[in-house]
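So you know, we letter chains A, B, ... as the sequences are listed, proteins then strands, and number each from 1. Atoms considered below: every heavy atom in the structure, side chains included; atoms not considered: hydrogens, waters and symmetry mates.
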Amino acid sequence: MTAKASVMTAASPRPRAPARLPGNRTLLFTLGALAVLALGGVMTQTLANPYVFFAAFVIVQSVALATGWNVLGGYAGYINFGATAFYGAGAYTAAFLLKAFDASIFLCLPAAALVGGGLGLMMGYMTLRVQGVYFAIGTIALVVMAHTLVLNIDYLGGASGMALMAPEPPAWTGGQVQFVFLVMLGIAVLAVACARWIEISWVGRGFRALRASEEAAECAGVPTFKLKLSACAISGAILAMTGAPLIFYASFIEPETVFGLALALNAIAMPLIGGKRSWPGPIIGAVLLGSVQQAATITISSELNILLVGVVLIGFVAAAPDGILGLIDTLRKGRR
Amino acid sequence: MSAPILAVEGIEKTFGALRALGPISVALQPGERLGIIGPNGSGKTTLINCLTGTLTPSAGEVWFLGRKVTGLAPHLRARMGLARSFQIPKPFTGMTVLENLLVPLDHLHDVADPHVRAMEVLDSVGLAGRAAHEAGGLTQLELRKLELARALAGRPKVLIADEAMAGLSNREIDDVLVILERLNEAGVAVIMIEHIMHAVMRFSHRIICLETGLLIADGLPDAVANDPLVQKVYFGEQAHH
Amino acid sequence: MFLDQFVNAIGTGVMLGSIYAALALGLAVTFGLLHIPNIAHPAFVVAGAYVVAVGNSYGFDPLLVAVVALVPFYVAGLAFYEFYARLFERRGAADTMNALTLFFGVSLVVETALLMKFGTNQQSVNVAYVGQSLVIGLLSLPYRLLVPALLAPVMIGLLWVYLHFTHAGIAIRAVAHDERALSVSGIDPRWIKRHAFGIAAATAVIAGAALIIVGPVDPFGGRLMIGRAFAVVVLAGMGSLPGTIAAGILIGVSESLVAAFASPSWAPAVAFSILLATLALRPAGLFGVRR
C-alpha cells in the first residue's frame, strides 16, 4: 500500500463534525438574566426590611467586581492587584459628576466606564509590551497613585471624604437603597453577559490560544496585543462602572474605604475560589465569599478578615488554582 | 521568471555581540518547493522568525507578495497568507483539536461555515477522528499533523514547515510528505526546513544551505548534495566525493 | 535659599537612594538574577524592621539586632523558597501569574499579622545619633539617613564579592544564566536557588533596620516600597548588583527634587514613572546583562 493510499483510507468514510453549542444556550441565558432582574424588582416591592438590600447590594457588587476582574485576570491571564484603583476611579467620577452637574446615576455609569476603560488601556499599553509581570506590579503602584491623587484634590473632599445628597429615586422602587440595589443588579447582569459573550466568542478563543502559546497564536493570525489591550479596557470599564453607584448608595465616600485593601483582595480571591476559566466561577466565588464576610462582619475584625482571605488565597493558588469549577471538572474527568 | 512571492534582502540579525544571521538574501518563487538545510545553530530558525515577523531583523528587508513587510506584526503577515508550523509543536492546549483550527479561521480567510472548513482540513491530514479530543493529549505524529492543519486552515499562499518530520518513522514521514505535496499541487509555495536528507531531496525543487548564518549553497538538490562545501559542513573534512 | 534647598534635596536624595538600593537588593537577587518576581520582599523588609524595633525596645542597637537576626531570616528565606518551588517550579513558566498571586497572598498575610500583633501605630527605634546631623557647608546630612545610607554600599559590595569569588556565589550567577548546564556539572539548581532566596531574606532584615532608623514604620509600609524596589532593579538592569546603587540614587534624587519643589505627595509616583519609562525606552536598564 503506497503512502498516498493509506492516508486516503484513513480519511474515509468522512466522520461528522462533533456537536456544536446549540444557539438556544444564549436564549436560556438571556431568559435567566431577565428573570434575575425581574426577581430584583419583585424584591423591592415585597421586602420591607431595608437591611436585606444593604447586604444584597454588597454581594451583587462583589459579583460585578469579580466578573470584571476575571475578564483580564482569568481569560487573558493578567493579574490586577489594584482593582480598587479602577473601582475608586469610577466612584469618584460619579461623585464628581453628581457634585458638579447634579448628574443622574444613569449618566454616571457610562462616564465611569469610559474613565475605567481609558485607565485600563493606558496601563496595558505602557506595560504589556514588555512582560505581564510589570502590569501586575504597575497595578499595585496605580492604587497608591490614585489614592494620592484623590487625597490632593480638595474638590473631591480630600482625606476627610465627600458627603453628597443623592437625588430622589423613582417612586416605584420604594427607597434609595432599593433603587441603587436594582442599578447594581443591572450592572452585575451586564458584566456577566459581557464576560459570557467574550468567553464563547472568537475573542475568548483568541485568549485561550494566547495563553496556551502566544507565539503560535500570533502566527495563526491572532492579534495578541490588541486582544490584551481590549481585555484591559473592558475589565477596567466594568470595575469602574461597579464603583459608580457607591455615592448614591452611601451618600458619602472617602479614599480610605474606596481604595482599601479588602476590596482589591476580594476581586482576586473571588474568581480564584470560584474558578477563573468560566463566567459562573466569579459568581460562585463572590456569593460564597461575600456571604461569609457579610455573616462574619460583626464577629471578626477587618484585619482578621483580610488575614483569612489571604490564607484562603494562598490555599487556592497552591492546591486548586482553577477554583471550585476546576475541582468539579477534575473530579468529573477522574471518574471516566 | 515571475516576481518572488517571498524574499529577504540583505537581512541580518544580531543578539548583543552574537551575529546569528546574515547578511543573507533568499527569494521564493510562487508555487516553489524550497528546502533549507544546515547544521544546528546555522540560523535556520532565526531566518524563519524574521520571515514570519516573530523577530525583527537588525538590518535588511523582508518582502511578501510584493509588499515590504519588515517590522509588520506576525498576525498581519498571517492574514496576508503566510503560514508556519513550529519545530516543537505548540498546540493550543486546553482546547479541542477542532477548536485549534477555529482559531486561525477566526482571523484568516472568510468562510461561510468555519466548522465545515475545519473538518475538511482535519480530514485532509487524517485527524478528523480526533476532532473532539483535547489537543494536549495527542501522539507525536498527530501533534505534527495538527501543526500543519492549523497552518493550512486559512488557505495560505506560503507555508513554512520547520522540521515537521523530526522524530517520525519512515512511514510517518511519508504521510507528512504526501500532505505537503498535495498542498503544493494546489498552488501553495512551501519552505521545508529539515535534517532528514532523503525527505528534503525528494521534496524540493531547490535547496539552500546555511552555515553560521550565511548562505553557502543555493541550487538544485543534486548539485547542493554534491557540493564539497556542504559536505564539509555536514560531514567534516573526511568526506571525499 | 534656592541653592540651599537644591543642595539639600540632592543630598537627601542620594542618601535615600542608597537606602532604596539596600531595600531592593533582595529583589535584585530573586527577580534580577533568578527572574522570580518576589513581590513579598518589601513585606519581609517591614517584618525585619519590626524585629529590629522589638530588639531595640530591649535596649540593643538596631544594627546589632539586624546582624543577630540574619540567620533566622536566612532560614525563613530557605523555607519560603521551598514552599514556592514545591508549588510552582514544576508547573513551568506559564504559572508566573499564579506565583505572583502567591507572593501577594504571603505579603498580605505578613502585613496583616504584623498589624494584628502591633496595631496600626508606627514603630520606631531609639538610637543615640538620631536627631543629629553632619553639616558640611550648605549640606546638612541627618545621621538617621546617613548611617543607613552607608550600609547599602557595604552590603552590596559584600554580596558582589560573594557572587564573584565564592563557589556558591558563582553558582547562583550560573543558575540565572543556564540552569540545565549547571545541573549537568553536578550542582543542584534547586539548592542554589533556595540559597539565593535565603540570602535575599537576610538582606531584608538589614534593609529593615535601615528603614526604621530613617523613620517610623507601619505594617503597610511595604506597599510604598514595591514601586521603588522594582524601579531600582529594572533601572539598574536585571542581574546588575552594583547598578542598584546608581539606579537607587537616580530615583532617590528625582523623588527628593519632586518633593522639595512640587509636593511630597507625588513622590510615590516618581519611582513608578521611572520604572515605566525605563521599560518603554531602555528595557535592559543602565547596566543590564543581556542574556
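Looking at every heavy atom in both residues, Ala220(A) comes nearest to Ala78(B) through C-CB, 4.2 Å. Heavy-atom minimum distance, Val222(A) versus His75(B): O-CB, 3.4 Å.
Within the 4.5 angstrom heavy-atom criterion, only backbone atoms of Pro91(B) (N, CA, C, O) approach chain A. Using a 4.5 Å cut-off between heavy atoms, Leu102(B) contacts chain A through both its backbone and its side chain.
Each of Glu147(B), Glu99(B), Lys90(B) has some count of heavy-atom pairs under 4.5 Å with chain A, and the biggest count is that of Lys90(B). Note: Ala216(A) leads Gly206(A), Ala216(A), Ala212(A), Ser201(A) in heavy-atom pairs under 4.5 Å with chain B.
Within 6.0 Å of the CZ atom in Phe29(A), the count of heavy atoms belonging to other residues, nucleotides or ligands exceeds 12. Atom CD1 of Ile88(B) is surrounded by 12 or fewer heavy atoms from other residues, nucleotides or ligands within 6.0 Å.
Side-chain atoms of Trp202(A) and His107(B), non-hydrogen and from C-beta on, do get closer than 4.5 Å to each other. At least one side-chain heavy atom of Cys219(A) sits under 4.5 Å from a side-chain heavy atom of Phe86(B). Under the 4.5 Å side-chain criterion, counting only non-hydrogen atoms from C-beta, Glu215(A) is in contact with Asn49(B).
To the nearest 0.5 Å, the span separating CZ on Arg84(B) from CD on Glu218(A) amounts to 11.5 Å.
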